[in-house]
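These notes concern the structure reproduced below.
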Protein chains: 2
Amino acid sequence: MAQPTVEDVAREANVSRQTVSNVINTPSIVKPATLDRVQLAIARLGYRPNLSARRLRQQKSSTIGVRLDPIRNGISGAMLDHFVHALTEQADARSMRVLLFTAASPEDEIEQIRSLHEGADVDAFVLTATAHGDRRIAWLIENDVPFVTFGRPWGIDDMDDPKHLWVDIDGRQGIKDATVRLIDNGAKRVGWVGWPRPSGTGDDRRRGWEEAMRERLGASEAELAALSVESYDGVSEATETVADMLRSGELPDALVCASDSLALGALIAASSAGLTDLPIIGFDNTPVAEAVGLSSIDQVLNRVAVATFELLLGREGNSIVVRGPDAGESHRLIRPALVLRTPNHLPLYGTTTTQRTAPAVRNHHRKETS
Amino acid sequence: MAQPTVEDVAREANVSRQTVSNVINTPSIVKPATLDRVQLAIARLGYRPNLSARRLRQQKSSTIGVRLDPIRNGISGAMLDHFVHALTEQADARSMRVLLFTAASPEDEIEQIRSLHEGADVDAFVLTATAHGDRRIAWLIENDVPFVTFGRPWGIDDMDDPKHLWVDIDGRQGIKDATVRLIDNGAKRVGWVGWPRPSGTGDDRRRGWEEAMRERLGASEAELAALSVESYDGVSEATETVADMLRSGELPDALVCASDSLALGALIAASSAGLTDLPIIGFDNTPVAEAVGLSSIDQVLNRVAVATFELLLGREGNSIVVRGPDAGESHRLIRPALVLRTPNHLPLYGTTTTQRTAPAVRNHHRKETS
DNA sequence: CCAAATAATTTGATCGATCAAATTCTGAGT
DNA sequence: ACTCAGAATTTGATCGATCAAATTATTTGG
């Protein structure tokens with residue numbers, strides 16, 4: 001069962017094969033009667049372009065390469081799944097697609113990138129988990145390969161580099177918004193649970209908390225120091241750190257956390273200390289946050305994906321090309337959204353008022369019999 | 001900067017272009033001296049095959065299509081991320097690759113499948129979240145498109161259909177293993193927390209619990225009924241259901257749960273009831289299970305991915321083709337692995353003995369400054 | 001009506017790799 | 001030295017779509 005080609009359609013519609021191509025790609029230059037005739041033949045034959053042929057002829061693959069990070073990254077790991085999904089949707093809307101690859105090391109990743117690029121299989125890459133001095137980025141820039149990173153480089157010399165396109169979540173603004181909300185709701189001692197410094201992202205988010213506390217409560221440096229703790233990004237680590245904080249007597253009346261892992265740890269520690277009504281806000285809006293009723297800051301990954309494509313495609317918006325130094329916008333900060341959940345979703349606090357929700361209709365490996 | 005072609009290599013090595021192709025694809029038919037000369041030219045020029053050209057000529061894409069499910073599926077959602085990663089690794093090992101697509105509905109999914117198949121962009125599909133009477137599968141079989149499902153169809157008429165290839169986790173065996181382990185560790189009243197019946201997967205897993213209880217403890221039907229509860233797959237739902245169970249006086253001395261969501265809910269209920277040492281085992285080995293120290297049954301998704309490719313490639317193992325009715329193995333059950341975690345990882349229980357673990361080195365959007 | 005300009009369509013060629021048949025080379029046997 | 005068979009290499013062609021130039025058809029203005 002071979003697929004029909006442009007030649008088959010041309011024969012059926014009694015036109016040239018190039019007219020078939022014109023009907024599909026530049027229909028405005030085709031006479032209406034001819035257009036109708038060809039479209040009818042396309043429908044009758046069920047014709048679809050062979051995409052490998054198109055890619056070969058057009059010298060572009062319309063494909064974005066994304067590495068699927070193998071590291072099970074605690075409860076935040078699902079975020080990449082969500083981001084990849086958003087990218088895939090946005091690619092589809094632009095007649096493009098996402099190709100996944102894996103790599104065992106940074107060197108392997110560069111090799112995979114080279115292979116995909118030189119095999120004409122990928123036009124551009126979207127990178128995550130970036131770092132200052134990242135070798136991948138140096139290679140991509142040196143070899144004129146289009147790319148966007150999700151995340152800022154945080155170095156003095158590379159944040160404004162127009163060759164390094166990046167999209168990031170404005171964590172400072174998101175945490176500031178959350179802190180302001182808690183203060184507007186009556187909190188007077190909002191605590192901060194963050195990662196050990198220095199951390200580009202972590203410190204940026206902490207700045208949001210500091211700004212809100214200073215602007216809204218006139219908090220002093222000493223007060224800020226007393227209300228903040230640092231923990232590695234694990235639930236048990238955060239539980240221990242926040243438990244220490246709560247035992248120390250410097251009781252916060254709300255907590256803002258740099259991640260949902262920290263927030264879950266804080267929730268467990270607060271519950272164990274009997275502080276069952278302590279408002280806690282995390283960051284990432286992971287499935288766990290949703291499952292246990294944690295308020296959290298959502299990364300609005302769909303908007304990140306849109307911005308990623310807008311940067312990649314540049315002003316003209318129709319094709320991926322290497323960006324010149326003055327080719328327009330290179331960086332985009334996205335303001336995240338605060339998702340509030342009500343305390344009566346928190347059975348940890350001993351409440352018994354839960355509504356029965358709809359059954360989970362799907363699990364990727366579960367089936368329902370009809 | 002155009003990439004070198006076979007013609008360039010041929011000119012450099014003073015051979016024909018077909019000899020260049022032979023060196024790459026069937027090196028055993030090339031004379032050693034010629035082989036060396038061509039390989040040297042390939043290396044000097046940095047030549048790589050153009051994969052669109054290869055696909056067009058070979059009439060195969062070497063690509064597997066996978067739909068990325070958009071539904072945030074509670075704490076189990078990260079499993080698809082992990083499965084896609086395993087598939088991508090196995091594809092890479094076979095010089096194949098995984099192409100993602102999204103779809104807004106089952107009808108849209110069939111249309112995307114059709115488009116990818118007819119555009120010669122995907123040779124075969126891997127489907128998840130399957131159901132008896134699934135329209136996707138009917139379409140794929142009718143149109144002779146190769147596919148494998150991760151999950152059994154569970155219908156009387158389709159479980160053994162050789163045209164419907166499937167790989168699944170042996171949930172019955174996994175739960176049986178977990179229950180046996182708890183019994184061997186001294187439990188006499190192992191409780192079951194499962195999903196409402198009927199559910200193909202859920203009932204299969206429950207059977208494992210029943211068998212272990214009967215064979216090892218001689219449990220009666222009445223005892224089994226008294227020790228089992230059903231809950232929708234959500235943390236708060238499970239918490240409520242297990243709390244009721246624990247209040248009813250039929251105290252289990254251990255719990256086996258159909259999923260990690262149910263297990264987390266059970267953990268919260270047990271903690272609230274002061275049963276801080278109640279052994280609980282979940283299913284899926286999600287990041288949450290790991291984060292809070294839950295024992296869980298791991299789906300060994302890498303082995304699922306291997307099996308998926310073995311079924312797709314069939315006995316010859318070199319190319320994807322539609323399977324004939326007697327073309328060999330069509331189904332594969334994979335025995336999952338029990339992952340035990342020690343109770344001292346559970347700060348929920350008020351223990352204070354936690355080791356400080358290594359810092360979380362990566363989050364997909366976090367950067368480290370050097 | 002004719003000529004020029006524009007619109008519409010067609011023809012020639014290309015993209016880069018591999019299939020398949022033809023040709024050349026090499027070694028062994030007589 | 002010659003012949004034959006098998007190995008090695010080359011040549012002709014193909015895959016299916018689109019680029020780009022050439023040709024044809026149509027419209028407009030004098």
Side-chain angles (χ1 to χ4, degrees), chain A residues 1-39 41-42 45-62 95 115-121 123 318-319, chain B residues 1-39 41-42 45-62 95 115-121 123 318-319:
Chain A
M1 189 184 72
Q3 298 295 314
T5 65
V6 279
E7 298 274 9
D8 299 320
V9 177
R11 205 172 298 119
E12 171 89 15
N14 201 31
V15 296
S16 75
R17 56 188 202 285
Q18 187 59 49
T19 300
V20 175
S21 184
N22 290 340
V23 164
I24 288 167
N25 299 309
T26 51
S28 59
I29 71 167
V30 180
K31 227 164 44 172
T34 310
L35 188 69
D36 289 344
R37 199 163 78 240
V38 175
Q39 284 173 338
I42 286 169
L45 292 177
Y47 165 77
R48 286 182 197 277
N50 180 300
L51 297 174
S52 292
R54 179 182 277 181
R55 286 193 192 99
L56 177 61
R57 187 65 192 82
Q58 290 192 327
Q59 299 279 302
K60 64 181 185 178
S61 69
S62 302
S95 301
S115 179
L116 289 168
H117 173 65
E118 294 178 352
D121 235 10
D123 291 332
N318 56 346
S319 190
Chain B
M1 189 182 73
Q3 297 295 315
T5 65
V6 278
E7 298 274 9
D8 300 320
V9 176
R11 202 172 300 119
E12 171 89 13
N14 201 29
V15 295
S16 74
R17 57 188 203 283
Q18 188 59 49
T19 300
V20 176
S21 185
N22 291 340
V23 165
I24 289 167
N25 300 309
T26 51
S28 59
I29 71 168
V30 180
K31 226 162 50 171
T34 310
L35 187 68
D36 288 344
R37 199 163 77 239
V38 173
Q39 284 174 338
I42 287 169
L45 292 176
Y47 165 77
R48 287 184 197 275
N50 180 302
L51 297 174
S52 291
R54 180 182 277 180
R55 286 194 192 99
L56 177 61
R57 188 64 192 86
Q58 290 192 325
Q59 299 280 302
K60 65 179 185 180
S61 70
S62 303
S95 302
S115 179
L116 289 169
H117 172 65
E118 293 179 354
D121 236 9
D123 293 332
N318 56 345
S319 190

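A note on names: the letters A, B, ... follow the listed sequences, proteins ahead of strands, and every chain is numbered from 1.
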Value for CZ (A:Arg37) from CD (A:Glu12), rounded to nearest 0.5 Å, stands at 11.0 Å

Would you indicate what A:Gln59 reaches in the nucleic acid, counting non-hydrogen atoms under 4.0 angstrom: base, sugar-phosphate, or nothing? sugar-phosphate

For nucleotides 18-27 of chain C, just jot down a letter per nucleotide in 5' to 3' order: B, S or -, based on protein non-hydrogen atoms under 4.0 Å. BBB-------

Degree of bending in the helix from C:dC1-D:dG30 to C:dT30-D:dA1 once both end axes are built from five pairs, to 10°: 50°

Please give, in whole Å, the distance from C:dA8 P to A:Leu35 CG? 11 Å

When A:Asn14 and B:Arg48 are each assigned the nearest nucleotide of DNA chain C, the 5'-most assignment goes to A:Asn14

To the nearest angstrom, how far is A:Glu7 atom CD from C:dT10 atom P? 12 Å

Looking at B:Arg55 and A:Asp121, is any side-chain nitrogen of the basic one under 4.0 Å from a carboxylate oxygen of the acidic one? yes

Between the CZ atom in A:Arg48 and the NE2 atom in B:His117, the distance rounded to the nearest 0.5 Å is 10.5 Å

Quick check for you: to the nearest 0.5 Å, what is the distance between B:Ser61 atom OG and B:Leu56 atom CG? 12.0 Å

Could you check if a side-chain atom of B:Val23 sits within less than 4.5 angstrom of a side-chain atom of B:Val15, using non-hydrogen atoms only? no

Mind calculating the distance between CD (B:Glu118) and C1' (D:dA17) to the nearest angstrom? 17 Å

In whole Å, I'd like the distance from the CG atom of A:Asp36 to the P atom of C:dT9. 12 Å

Rounded distance in Å - CD1 (A:Ile29) to P (D:dA25): 17 Å

Check: A:Asp8 side chain, A:Thr5 main-chain N or O, donor-acceptor pair, under 3.5 Å: yes

Can you tell me how far OG1 of A:Thr19 sits from NZ of A:Lys31, rounded to the nearest 0.5 angstrom? 10.5 Å

Atom NZ of B:Lys60 and atom P of C:dA17: how far apart are they, to the nearest Å? 17 Å

Under 4.0 Å, counting only non-hydrogen atoms across every strand here, what does B:Ser52 touch: a base, just sugar-phosphate, or nothing? nothing

Atom CG of B:Asp121 and atom P of D:dA17: how far apart are they, to the nearest Å? 13 Å

Applying side chain to side chain donor-acceptor pair (under 3.5 Å), name anything that partners B:Ser115, two or more places apart in sequence or on another chain. none

If we only count heavy atoms from C-beta on, is the B:Val38 to B:Val30 side-chain gap below 4.5 Å? no

Nearest whole Å is fine: how far is C:dA17 P from A:Arg55 CZ? 16 Å

Base, sugar-phosphate alone, or nothing: which one does B:Thr5 contact when heavy atoms must sit under 4.0 Å apart? sugar-phosphate

